[in-house]
Structures are given as structure tokens and as C-alpha cells.
**Student:** 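Quick one: the structure is below, questions incoming.
Computed from a predicted structure; not experimentally measured.
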Amino acid sequence: MSSRSPYGSWLLGGADQSRRALRVRIQLLLTTVLVATNVIGALVVGAVLLLVRPDEPLDGGLRLAMAIALPVYVGLAVLLGATVITRRVLRVLQWARDGREPDEKQRRRAVLVPRYVTARQAGLWFVGTCLFTGLALGLQPSLALTIGVAVGIAGVVVCAIAYLLTEFVLRPVTARALASGVPPAGRGSGVRRRMITFWVLGTAVPLSGLLLVAILALAGDDQVSRTRLAVVALVLGAVVLLFGLLITGLNARAVVGPLASVRDALRQVESGRFDVEIPVYDATELGLLQAGFNRMAAGLRERERIRDLFGRHVGLDVAEAALGSDVALGGETRTVSVLFVDLMGSTTLATERSAAEVVDLLNRFCAVVIDEVDRQGGLVNKFMGDAVLAIFGAPVERPGHAGDALRAARAVARRLADELPEIRAGVGVATGEAVAGNVGDERRFEYTVIGDAVNQAARLTELAKARPGLLLVSCESVDAADPDEAARWRPAGSEVLRGRSEPTPLAVPAEDQASETSSA
């Protein structure tokens, strides 16, 4: 993921935080949320009581009762929230604190924790609404409705904010709960239903208070002053604007967070990183989106692994050609250069060394050949025990394939002599027409080249084993090479190769011919 927290905020920590850090973080944040929401509720109650009925202030008895009861009740709500509710939540999430995998029931309960917290908060504020309305009925009945509406609206605001913030705080735990499966679908868990619910809580309920005041004013016997209606509209409108905006912002953040995590992860996939996995911390359709991305990324990783493995078996060029078009049996005739390298005395090596030593030696031998063939743009087509066949000019056409094959042959011969002096290998290069394509059956085939150039390279390799430099090529390859590379080769007679009736002109590196002349 990005440098920020995978849960959308640095407050929630990282995915690798310890169990103790997670427990402390959740307890502190959850306690802060419960305290803050109840304080917000108290401010809403105070604002409504002070401003909605300016022409009928609270009398002395009710004012004293409210001045004592409201702080005490909010304090009790905060205390209960910070102790009873928080402890209950931590007990429900005990599996996360112990580092255990949750079962299906624990997963479901973890997802429902925000609802539990909200239900407890709603219960506390319902009791408060009944309590304060009862006080008003006993001490100043004309204000009972106003006080009931004020406390009820505050309770609704508190519940909405508490749900959204609790859901935010518990994202790390929800991610662990949903790590083993797709978020469980349930009633009331959809994004659409949640958006409507919070519109009702943050906007419709406060506005219903304004509508109620208007209805009572129209139905009342006494004419309500315009000042009073204006004040009611201003106060309740301010509640809607301020706290409705807060609830809408928190709700939007809850929706945008999962989308942002998927967006950031998609950017990393686009840049070539397929090891991306995002935590699923939402139990709505957004969680399904996060889980769907993880499944997609896993599929891309598997596809890339198969592609890499395929490329290692048949060569990257062949793999790209196969993935870019429909694969069919058959091939096409083209001019190619073939490099053949054959280890000498492999039977003796197998009898004198252990199997592990032989495999290690063969791997080092093949590594040299692969390095130089890749460097010159060729394709290592076959490993035949102690021999390697490489192709230049197929499946991707290369105008200078003959020069590339000769350069690779010289480099292979030189490196084998320097890096693996304990072995000897003949190297041959031939250029000519061959059929390059897929051979086999629809159920199992391989890419290969078949033709005279392949047979000729194999025969040249046999003859090279008897030459001092262990390297022999056809003059046809030298003639087809670029001038700089052709200048590095000298004629070395001709031979009638096995299976042919005409002699084949041969060439060796110029330095090898010079060393032969000096030694003679």
C-alpha cells in the first residue's frame, strides 16, 4: 500500500501493529469517541433550550434541575460509555487481542460492534429524553415538548456520529475479521441503505423538529410571534447545517476510504506491482469491492507467475508470441542461425562425480551459454542433457542474426575455458533455412526449429571437439555476418559433414588460427 495507513488514517496505525498496540489504540480512540459524542449532544441540548424559547425562559426550579441533571446525566453517560460499553466491545473482540483467527460467529459480531455501541448510546439518550421531559412536565409543562424535542434531536445526532466514528475506529479489527472471507451480507449493511439512514438521522430528524414547531404554531390558539418562529428556524437550521454537515462528512469518509484504498492499489498494479493486497474493513458493497480487488490481484500474481514460468521454459520471445496470438501447430520457413554447444566426456563426469556435483556443473555450464545467448538476443531453445541448442532469428526476426550467433559462440567458448576449465565443450554455428514453429499435438507441443541449419550446427560441434579452440562455424554464417564480426573469422578448410554429399566451407576465430600457426 501507500506510505499512509492502509486503513485510511495514521490514527489507526499500520497493518503490522502489535496486539497490545491495537488494544490500547482501540480503547483510547473508542473512549474519546464516546466522550466527544456525548459532549456534542449536551451542546445541542443547551443550544436548543437557550435559543428556541427566548420568550418563555426556564423558571427557577426547572433551570436548577436542568443545570444539575444535564451535566450529571451526560457525565454518567460518558462514564458508562468509557467503561461498560468499551469493556463490552473489548470482550467481543477478545480473539483479536489474543491473535486468534475468528470463527463465523465472531466475524459477524465484530462487524456488528458499531451497531452495538450505537444501540447502547441510543438507550442512554432515550432514558435521558424521558427523564428531562418528565422534569419539565412536573416543573414547567409548557416547555416539556421543547425539552423533549431538544434532547431527542441531540440523541439522534449522538447516535449517528457514534456509529460512524466507531466504525472508523474499528477498521483494523474489522479487517482482521474479514481477512478470511468475503464480508457477510446482511440487512441494513448496504451503502444505499446506510446513506439514506444517515440522511434521516442527520437531516430529516432535526428538520422534523422544525416542522413540528410550525404545525403546533398553526394549530395553537395563540398566535405565535414571527420572532419566535424565526428563532426556532434559525436554531434548528443551524443544527441541520452544522451537525448534518458533520454526519454527511463522516459518512462520505466512510464511503471514500475503501474506494481510495482500491484506487491506490490499482495504481500500484498499473505500475507493475502485483503483490498488492488491501485490508477489507467494510462490510458493505465497498468491502466486496475491496475483497474483489484482492482476488483480482491474486489472479494477476498467479498469471504473472505462470507467465514467468512459461517464459523460463520456452523463452521470453516465444512466450510473448504465444500470449499475443492464437497458438497453432505448424510453423514458417525462415533463415536462422543456430548455435549448438555440446559437453565433452559427460559420461566420464557422471561416473567420477556424484549426481549433485554433476548437476551443479551442468547448471554452471548452462548459465554461461544462457548469459551470452541472451546478451546477443538469441533464444535458448533446448537443453538436451549435456548439450544446448540456441536460435538466432526466430521467433523474432533479427536482421543481423548471423553476427549475433558468432559473437555469442566466441563469448561462450572463451568463458567456458576461463570459468569452467574442468570441462570441455564443442561449439558450432550454422546459418540456413529452417522451419520454426510448434511441433507436437494440440494437447502437448513445443516451439522448435527443424531444418538443415540445425543438423549442420550439430555436425560442426562434433568436428569442433577435435579443434584446438573447440569452436567451428560455417563460412555461410561468416558471409552473412556484419563486417566487424566477419573480420574476426578466418577460413579453415572444408569438410563433408555427415549426411551431406558436398563439402562445407569452415571458419574459426582469427586468434585460434594464429595460435595453430605459431604452435606448428
**Student:** With side chains defined as the heavy atoms from C-beta onward, is the minimum distance between Glu372 and Leu339 less than 4.5 Å?
**Tutor:** no
**Student:** Using side chain to side chain contact (heavy atoms under 4.5 Å, CB included) as the criterion, list what pairs up with Leu29, not counting sequence neighbours.
**Tutor:** Leu12, Arg25, Val169
**Student:** Report yes if the side chains of Leu420 and Leu361 come closer than 4.5 Å at any heavy-atom pair, otherwise no.
**Tutor:** yes
**Student:** Can you name the closest pair of heavy atoms from Pro6 and Pro279 and give their distance?
**Tutor:** O-CG, 3.6 Å
**Student:** Would you give the length of the straight line joining atom CG of Asp371 to atom CZ of Arg415, rounded to the nearest 0.5 angstrom?
**Tutor:** 4.5 Å
**Student:** Who passes side chain to side chain donor-acceptor pair (under 3.5 Å) against Asp275, sequence neighbours left out?
**Tutor:** Arg273
**Student:** Between Tyr116 and Val92, is any pair of side-chain heavy atoms under 4.5 Å apart?
**Tutor:** no
**Student:** From Phe383 CZ over to Ile370 CD1, what is the distance, rounded to the nearest 0.5 angstrom?
**Tutor:** 3.5 Å
**Student:** Do Leu93 and Leu170 make a side-chain contact, defined as non-hydrogen atoms from C-beta onward lying under 4.5 Å apart?
**Tutor:** yes
**Student:** Rounded at 0.5 Å granularity, tell me how far CZ in Arg108 sits from CG in Asp103.
**Tutor:** 9.0 Å
**Student:** Are Val156 and Trp125 close enough that some pair of their side-chain heavy atoms sits under 4.5 Å apart?
**Tutor:** no
**Student:** Find the distance between CZ (Arg107) and CH2 (Trp95) and round it off to the nearest 0.5 Å.
**Tutor:** 9.5 Å
**Student:** Main chain of Gln94, side chain of Arg23: is a donor-acceptor contact present, judged purely on distance under 3.5 Å?
**Tutor:** no
**Student:** Who are the side chain to side chain contact (heavy atoms under 4.5 Å, CB included) partners of Met296, not counting sequence neighbours?
**Tutor:** Leu266, Phe293, Leu300
**Student:** Just by modelled atom types, is the Tyr163 backbone N or O under 3.5 Å from a matching donor or acceptor in the Thr166 side chain?
**Tutor:** no
**Student:** Between Cys366 and Val388, which heavy-atom pair has the shortest distance, and what is it?
**Tutor:** SG-CG2, 4.2 Å
**Student:** Roughly how far, to the nearest 0.5 Å, is CD1 of Ile161 from CG of Asn251?
**Tutor:** 12.0 Å
**Student:** Given side-chain contact (heavy atoms from CB on, under 4.5 Å), test Phe365 with Asp386 step by step and report yes or no.
**Tutor:** CA-CA 9 Å; Phe365 161 70; Asp386 56 356; 5.7 Å; no
**Student:** Under 4.5 Å between any side-chain heavy atoms of Leu250 and Leu165, yes or no?
**Tutor:** yes
**Student:** Taking all atoms of both residues into account, what is the closest heavy-atom pair of Cys159 and Thr118, and its distance?
**Tutor:** O-CG2, 3.5 Å
**Student:** Is a side-chain N or O of Gln17 found less than 3.5 angstrom from the main chain of Gly14, in a donor-acceptor match?
**Tutor:** yes
**Student:** Looking only at non-hydrogen atoms, find the nearest pair between Val158 and Gln121 and report the distance.
**Tutor:** CG1-NE2, 3.7 Å
**Student:** Sub-3.5 Å donor-acceptor pair from the side chain of Ser261 to the main-chain atoms of Pro258, do we have one?
**Tutor:** yes
**Student:** Taking all heavy atoms of Ala254 and all of Leu286, pick out the closest pair and write down the distance.
**Tutor:** O-CD1, 4.0 Å
**Student:** Do other residues, nucleotides or ligands put more than 12 heavy atoms under 6.0 Å from the CD atom of Glu270?
**Tutor:** no
**Student:** When you measure from the side chain of Thr133 to the backbone N and O of Cys130, does any donor-acceptor pair fall under 3.5 Å?
**Tutor:** no
**Student:** Is Tyr7 reaching over with its side chain to a backbone N or O of Tyr281, donor-acceptor style, under 3.5 angstrom?
**Tutor:** no
**Student:** Measure from the side-chain N and O atoms of Gln290 to the backbone N and O of Ile278, and report whether any donor-acceptor pair falls under 3.5 Å.
**Tutor:** no
**Student:** Kindly indicate whether the side chain of Arg100, heavy atoms from C-beta on, has any atom under 4.5 Å from the side chain of Gln106.
**Tutor:** yes
**Student:** Considering non-hydrogen atoms only, spot the tightest contact between Arg171 and Gly257 and give its length.
**Tutor:** NH2-CA, 4.4 Å
**Student:** Can you tell me how far the CG atom of Leu416 sits from the CZ atom of Arg364, to the nearest 0.5 Å?
**Tutor:** 10.5 Å
